[in-house]
Number of protein chains: 2
Amino acid sequence: MDAVAAQVETAALPGPCSRIPVEDADFVRQIMDRVGDKWTLMVIATLQDGVMRYTELLHAIPGISQRMLSRTLAQLHHDGLITRTAYAEVPPRVEYALAPLGASLKDIVASLIDWAITHHAEIRRHRALTGTADNH
Amino acid sequence: MDAVAAQVETAALPGPCSRIPVEDADFVRQIMDRVGDKWTLMVIATLQDGVMRYTELLHAIPGISQRMLSRTLAQLHHDGLITRTAYAEVPPRVEYALAPLGASLKDIVASLIDWAITHHAEIRRHRALTGTADNH
DNA sequence: CCGCATCCGGCGTGATACTG
DNA sequence: CAGTATCACGCCGGATGCGG
């Protein structure tokens with residue numbers, strides 16, 4: 001956990017990055033559109049474990065639909081974050097894994113998950129305080 | 001890489017998703033639903049600089065609508081990630097800033113942005129290769 | 001049989017206009 | 001200036017069907 005945190009700090013250290021360069025803001029937004037998607041994050045997080053098949057992912061990510069899984073996998077593959085290996089066999093088998101580019105996101109996503117596990121109780125407490133108002 | 005092989009073996013173990021504790025998986029998903037939202041990430045990233053007003057945020061985050069900004073700010077405030085300070089004055093003034101809980105996410109979000117800036121060129125290149133950037 | 005493209009219903013999302 | 005109400009559109013999810 002600390003190792004991961006250290007990596008995060010290392011990545012965040014180049015201080016002046018606190019403000020997003022205006023000329024990069026658009027690119028950042030585009031990337032965030034992909035990476036900042038809940039299913040994308042969940043898929044990458046799940047693929048941390050290694051090679052997985054379509055149905056495995058479908059089962060490992062509760063609540064995701066086949067449509068969204070297919071689309072997310074296609075996007076990730078299209079962006080070069082994951083690799084897709086299809087075996088022309090019977091029964092058919094398709095295996096997904098993190099490409100190097102996706103692996104570079106691994107630590108960050110792991111940090112996010114770590115943060116979620118660490119702070120979810122606190123968030124739920126805050127939600128309870130602010131009022132029941134569970135957002136739609 | 002040997003590390004990759006190790007991960008494959010880990011995945012081969014019976015049971016999905018060994019990284020995320022099963023009992024926390026649901027919580028992780030819930031948190032990811034919030035944190036894994038593009039606007040949430042953009043708002044937190046923008047608030048890294050410090051205190052900001054509604055219109056400032058609206059202008060600082062290209063493409064966000066008033067509705068989504070209000071909603072996102074309300075959610076973040078509801079979850080205790082940001083603070084909301086309203087001055088009963090004319091003209092009205094509302095200032096938003098990261099709460100300690102949100103500040104704990106700062107480094108991770110900064111890493112994400114850093115990653116986006118570092119790799120967006122590579123992603124765009126992959127997109128061009130995979131097909132004419134055509135999303136069916 | 002698994003992987004995934006397609007079709008349709010419902011809801012979240014975004015642009016505009018309006019209120020305090 | 002800060003935020004809400006309204007409406008039309010586009011995206012998400014579930015079921016179905018097909019190809020390999």
Side-chain angles (χ1 to χ4, degrees), chain A residues 26 29-30 32-43 46-47 51-79 81-97 130-131 133-136, chain B residues 11-12 16 26 29-30 32-43 46-47 50-79 82-97 130-131 134-136:
Chain A
D26 195 41
R29 196 188 62 79
Q30 289 182 33
M32 289 301 240
D33 275 358
R34 306 296 172 115
V35 155
D37 174 49
K38 51 182 174 184
W39 297 132
T40 298
L41 289 173
M42 290 303 292
V43 166
T46 306
L47 281 179
V51 177
M52 280 202 180
R53 297 177 59 176
Y54 180 85
T55 312
E56 270 185 295
L57 287 167
L58 200 63
H59 186 260
I61 306 175
I64 197 172
S65 63
Q66 291 185 355
R67 179 191 180 90
M68 276 301 100
L69 181 56
S70 297
R71 185 172 292 185
T72 303
L73 288 171
Q75 278 186 0
L76 286 172
H77 180 238
H78 183 220
D79 290 352
L81 294 178
I82 64 175
T83 60
R84 180 184 184 277
T85 310
Y87 300 88
E89 301 172 354
V90 174
R93 190 175 42 144
V94 179
E95 292 181 339
Y96 294 93
T130 313
D134 178 79
N135 151 23
H136 321 315
Chain B
D26 195 42
R29 195 189 61 79
Q30 288 182 34
M32 290 298 241
D33 275 358
R34 307 296 172 117
V35 156
D37 173 49
K38 51 182 174 181
W39 297 131
T40 298
L41 290 173
M42 290 303 292
V43 166
T46 305
L47 281 178
V51 178
M52 278 202 182
R53 299 173 61 172
Y54 181 85
T55 311
E56 271 186 296
L57 287 167
L58 200 63
H59 185 259
I61 306 175
I64 196 172
S65 62
Q66 293 184 354
R67 179 190 179 92
M68 277 301 101
L69 180 56
S70 297
R71 224 179 177 75
T72 304
L73 288 171
Q75 278 186 4
L76 287 172
H77 181 237
H78 183 217
D79 289 352
I82 64 175
T83 60
R84 180 185 185 275
T85 310
Y87 300 89
E89 300 172 352
V90 175
R93 191 176 47 154
V94 180
E95 292 181 341
Y96 294 94
T130 310
D134 166 60
N135 5 314
H136 46 247

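Atoms considered below: every heavy atom in the structure, side chains included; atoms not considered: hydrogens, waters and symmetry mates. Chain letters run A, B, ... following the sequence lines, proteins first and then strands; every chain starts at 1.
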Would you tabulate the side-chain donor-acceptor contacts of residues 86-94 of chain B under 3.5 Å, counting partners in other chains and residues two or more places apart, or write 'none'?
from, atom 1, to, atom 2, distance (Å)
B:Tyr87, OH, B:Glu95, OE1, 3.3

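Protein atom CD of B:Glu56 is 13 Å distant from nucleotide atom P of D:dG3, rounded to whole Å. Rounded to whole angstrom, the span from the NE2 atom of A:His59 across to the C1' atom of C:dC4 amounts to 19 Å. Note: CZ (B:Arg34) to C1' (C:dG12) measures 14 Å, nearest angstrom. The distance between atom CZ of B:Arg93 and atom P of C:dG20, rounded to the nearest whole Å, is 23 Å. Distance B:Asp33 CG to D:dC12 C1': 13 Å, rounded to the nearest Å.
With sequence neighbours left out, the side chain to side chain donor-acceptor pair (under 3.5 Å) criterion links A:Arg84 to A:Tyr96. Residues that satisfy the side chain to side chain donor-acceptor pair (under 3.5 Å) test with B:Thr40, not counting sequence neighbours, are B:Asp37. Residues that satisfy the side chain to side chain donor-acceptor pair (under 3.5 Å) test with A:Ser70, not counting sequence neighbours, are A:Tyr54.
Distance from the side chain of B:Val94 is smallest for D:dG3 among the nucleotides D:dG3, D:dC11, C:dC4.
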Interface polar pairs with nucleotides 13-20 of chain D, N/O, under 3.5 angstrom:
from, atom 1, to, atom 2, distance (Å)
D:dG13, OP1, A:Trp39, NE1, 3.4
D:dG13, O6, A:Arg67, NH1, 3.2

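Residue-level contact check: A:Tyr87 touches neither bases nor backbone, having no heavy atom under 4.0 Å from any strand.
Considering CD of A:Glu56 and CG of A:Leu47, their distance stands at 10.0 Å, rounded to 0.5 Å.
Contact annotation: the side chain of B:Val35 never approaches that of A:Leu41 to less than 4.5 Å [non-hydrogen atoms, C-beta and beyond].
Between C:dC1 and A:Tyr54, no contact under 4.0 Å exists linking OP1 or OP2 to a side-chain N or O.
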